[in-house]
Amino acid sequence: MPDAAHQIAQLIRGVDRIVPEAEFRQKLERSLKTGRPLRVKYGIDPTGIDVHLGHTVPLRKLRQFQELGHTAVVIIGNYTALVGDPSGRDETRSRLTAPQVEANARDYLKQVGRIIDLDHAEVHHNGDWFSRFTFLQVLELMRGMTLGQISAREDFAKRIAAEKPVFLHECLYPLMQGWDSVEIKADVELGGTEQLFSLLVARDLQQAKGQEPQVAMTMPILVGTDGTRRMGKSLGNYIGVAEPAEAMFGKVMSIPDEPMRAYFTLLTELPLSDVDHLLADGTNPRDAKEALGKAIVAQYHGADAADQAAAEFRRRASGADPDVIPDVTLDPAQLDANGGIPAFVLVKELGLEVSTSSARRLIAQGGVTIGPDREIVTDPRTIIVVTDGLVVRAGKRKIARARLGG
RNA sequence: GGGUGGAUACCCAAGCGGCCAAAGGGGCCAGACUGUAAAUCUGGUGGCAAUGCCUUCGCAGGUUCGAAUCCUGCUCCACCCA
C-alpha cells in the first residue's frame, strides 16, 4: 500500500468535499498502520437500466480505493429503489415494481462490473435487511431525524415552496440509506454532491449504534452532453457505459467545450498537467475533445476501438459516408414498372423516418441526398428510380443502402 | 370532513362556442455557418401514396348547424383549513 500522503493525493482528484476531512486522514493512516483496509461504500438504486458516465464518477473513485487496497462495498438499493431518492428531484419519482427492480439490479451489476472489480468487492442488497424490518424498527429509525431537518433539505424545501407534494416515504429515504452504512459498517461513503445530507445522516445512526461514523466523500455532478444540466437518463443527455464505441465517441465530441476539463478530471486518468496542456490557449479544442473521447472510449472498448471510433468520426465530420452502411431490402411491390418510387415513400421504407409525414418534411427541408453524387431531393413526390445498392442519406446521421429483394 | 385550484401535444403553458391540428417557450429534427461542438440565424415538429381526408385538448355522456371551449356524471391530482 502506498503511504497515506500518496493515497490522499490520488484520492483527492476530482473530489468535491470530504466531511470531515481530518477524520478521513486519521482513518487512512490507521488503516495503513493496522493493515486493515477501509470499507468504502457506494450505493446505487436500480431505478433504470442504463449506467451512464455520471454514475461512473463515484464508481471510478471506488475503483481507485480498490486499487489502493481498500474494500469496495456496493449496495444495490433494491429497497430504496422502491421509495425513490428525492435528492435533487423537484418531483416524486415514479414508482417501480419489485420485479422491475429485481431485473434492473442484475443488469446494473453487470454494467457496474465494467468499472469496478466485482470479484474483490462486497455486494449487498439493502432488501436483505429492510425486508426483515418490523414496524417497531421503522419507528426507531425514524427517531433519527426531525421534521425540521427534513424540510430544511433544499430539494424538499423547493418542492414545499412550489406547492408540490412531498410524501412521507420520501422522507424515509435518507434514513434508509444511512442505515445501510450501519449494516455494513462503512468507513467512507461516496456519493454525488447532492448526497451530502444523506451521507451525513448515516453518521448519526452509526454513532447511535456505537460505531465510528463514516466519512462522506462527495463527487461533483457531471453535466450531460448539453453542457448545462446534470447527466441523466430522463434528460436524454447521457452517455451510457454500455453504448457502442462509435456512439460513445460521437457523444463525447458533441459536448460543449466548457465541461471538457471536468470530463478529463472525473472520467479519465490523464495527469492533470497533460490536461492543462491540451486545454491551453491556442490549441484546437477539437484535438482536446478527441483525446478525451479516446480516453473514455478506451476504458470500455479498448484502445483500438477508441482509435477506430475517432477515425470514423473524422471521416463523418468531413462529410464522407460511414464505413458501414446498413442494407435495407425494399419490397419490389413498392416500385412501379420502371423501378421508381416517390422519394418520401423511399425514405420511410428505408427506415430513415418513422412516418411519411416526417419523411416529407425532411425532404422538403433539403435533408435528403441520394446516390454517390449526393443529389439533393427537395420535392417529396420526386420519383426515384432505385437501383440495387443506392445510398440514401437523411440528415447528418441517418443513412441506408437500398437492396432490391430477389 | 370542509374549501379552493387543476388535468391541453415530448415537457411547460395559452386558448374558454366557429378564424383550432390548437399561441408562446423549452426540447428535438433539418438547413446555413463552424474548429468537433456550442452560440447564432432560418425552417419544421399528430397521422395518411395528401392542395384534401382522418384522429387528438383526463374519461363517459349531453346541448349545438358547430365543442379544447357550455352542461351532467365520473376518475385522477394538488394546495389550504380541520
Side-chain angles (χ1 to χ4, degrees), chain A residues 89-92 94-95 158-168 170 223-230 232-239 246-264 278-297 306 309-320 322 330-331 333-336 340-350 352-369 374 376-384 392-399:
Chain A
R89 279 271 162 165
D90 52 12
E91 50 191 75
T92 308
S94 55
R95 198 165 172 171
K158 258 196 212 155
R159 278 205 241 163
I160 290 167
E163 302 200 333
K164 286 188 172 167
V166 174
F167 293 93
L168 292 180
E170 295 182 88
V223 298
T225 53
D226 57 4
T228 47
R229 295 173 303 173
R230 64 178 296 158
K233 187 183 166 82
S234 56
L235 295 174
N237 62 354
Y238 72 103
I239 304 175
E246 273 176 31
M248 202 182 251
F249 188 84
K251 284 189 179 181
V252 173
M253 292 303 277
S254 82
I255 67 168
D257 293 343
E258 293 70 42
M260 272 204 282
R261 182 176 295 278
Y263 272 54
F264 271 119
L278 278 165
L279 296 178
D281 283 344
T283 61
N284 190 333
R286 197 205 53 188
D287 296 334
K289 213 172 284 179
E290 190 178 84
L292 175 66
K294 281 187 187 178
I296 291 173
V297 172
E312 178 70 20
F313 187 86
R314 279 201 177 227
R315 199 158 41 239
R316 291 304 298 274
S318 68
L330 284 179
D331 179 357
Q334 298 275 356
L335 305 175
D336 66 20
I341 185 170
F344 72 94
V345 180
L346 179 64
V347 169
K348 191 195 168 199
E349 290 300 319
L350 289 176
L352 299 172
E353 281 293 332
V354 292
S355 70
T356 59
S357 298
S358 54
R360 279 166 186 271
R361 286 192 290 265
L362 188 65
I363 293 166
Q365 295 189 114
V368 172
T369 67
R374 296 167 173 271
I376 300 177
V377 183
T378 49
D379 185 342
R381 288 165 303 182
T382 307
I383 301 297
I384 308 294
V392 179
R393 304 165 199 83
K396 278 184 271 234
R397 293 185 187 82
K398 291 175 285 188
I399 186 165

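Letters A, B, ... mirror the listed sequences (proteins, then strands); counts begin at 1.
The 5' end of RNA chain B is approached more closely, in terms of each residue's nearest nucleotide, by A:K396 than by the other of A:V354 and A:K396.
An OP1 or OP2 oxygen of B:rG35 is reached within less than 4.0 angstrom by no side-chain nitrogen or oxygen of A:R286. OP1 or OP2 of B:rC48 lies within a sub-4.0 Å distance of a side-chain N or O belonging to A:S355.
Separating the CG atom of A:L362 from the P atom of B:rC29 is a distance of 12 Å, rounded to the nearest angstrom. Put simply, CD1 on A:I376 is 12 Å from C1' on B:rA32, counting in whole angstrom units. Atoms NZ (A:K251) and P (B:rA37) sit 16 Å apart, rounded to a whole Å. Rounded to whole Å, the distance from CZ on A:R361 to C1' on B:rA21 is 12 Å. A:R316 has its CZ atom 20 Å from the P atom of B:rU34, to the nearest Å. Summarising the geometry, the separation between NZ on A:K294 and C1' on B:rU36 is reported as 14 Å, rounded to the nearest angstrom.
Taking the P atom of each, B:rC70 and B:rU8 are spaced 16 Å apart, rounded to whole Å. Taking atom C1' in both B:rA14 and B:rA68, one finds a spacing of 12 Å when rounded to whole Å. Nucleotides B:rU51 and B:rU69, compared at atom C1', are 30 Å apart to the nearest Å. On the P atoms, B:rG43 is 15 Å away from B:rA23, given to the nearest whole Å. Going from the C1' atom of B:rC11 to that of B:rG62 covers 33 Å, rounded to whole Å.
Residue A:D257 places a side-chain atom within donor-acceptor reach of the base of B:rG35, judged by atom type and a 3.5 Å distance cut-off alone. Judged by atom type and distance alone, A:Q365 reaches the base of B:rG43 through a side-chain donor-acceptor pair under 3.5 Å.
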Polar atom pairs between nucleotides 50-52 of chain B and protein, under 3.5 Å, N or O only, would you list them?
unit_1	atom_1	unit_2	atom_2	d
B:rA50	N6	A:T356	OG1	2.6
B:rA50	N6	A:R360	NE	3.2
B:rA50	N1	A:R360	NE	2.8

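Heavy atoms of other residues, nucleotides or ligands lying less than 6.0 angstrom from CZ of A:R374 number more than 12.
Here A:F264 pairs with nothing under the ring-ring contact (aromatic ring centres under 6.0 Å, His included) rule; sequence neighbours left out.
By the 4.0 Å N-to-carboxylate-O rule, A:E353 lies too far from A:R361 to be salt-bridged with it.
For the pair A:L350 and A:L330, the minimum side-chain heavy-atom distance is below 4.5 Å.
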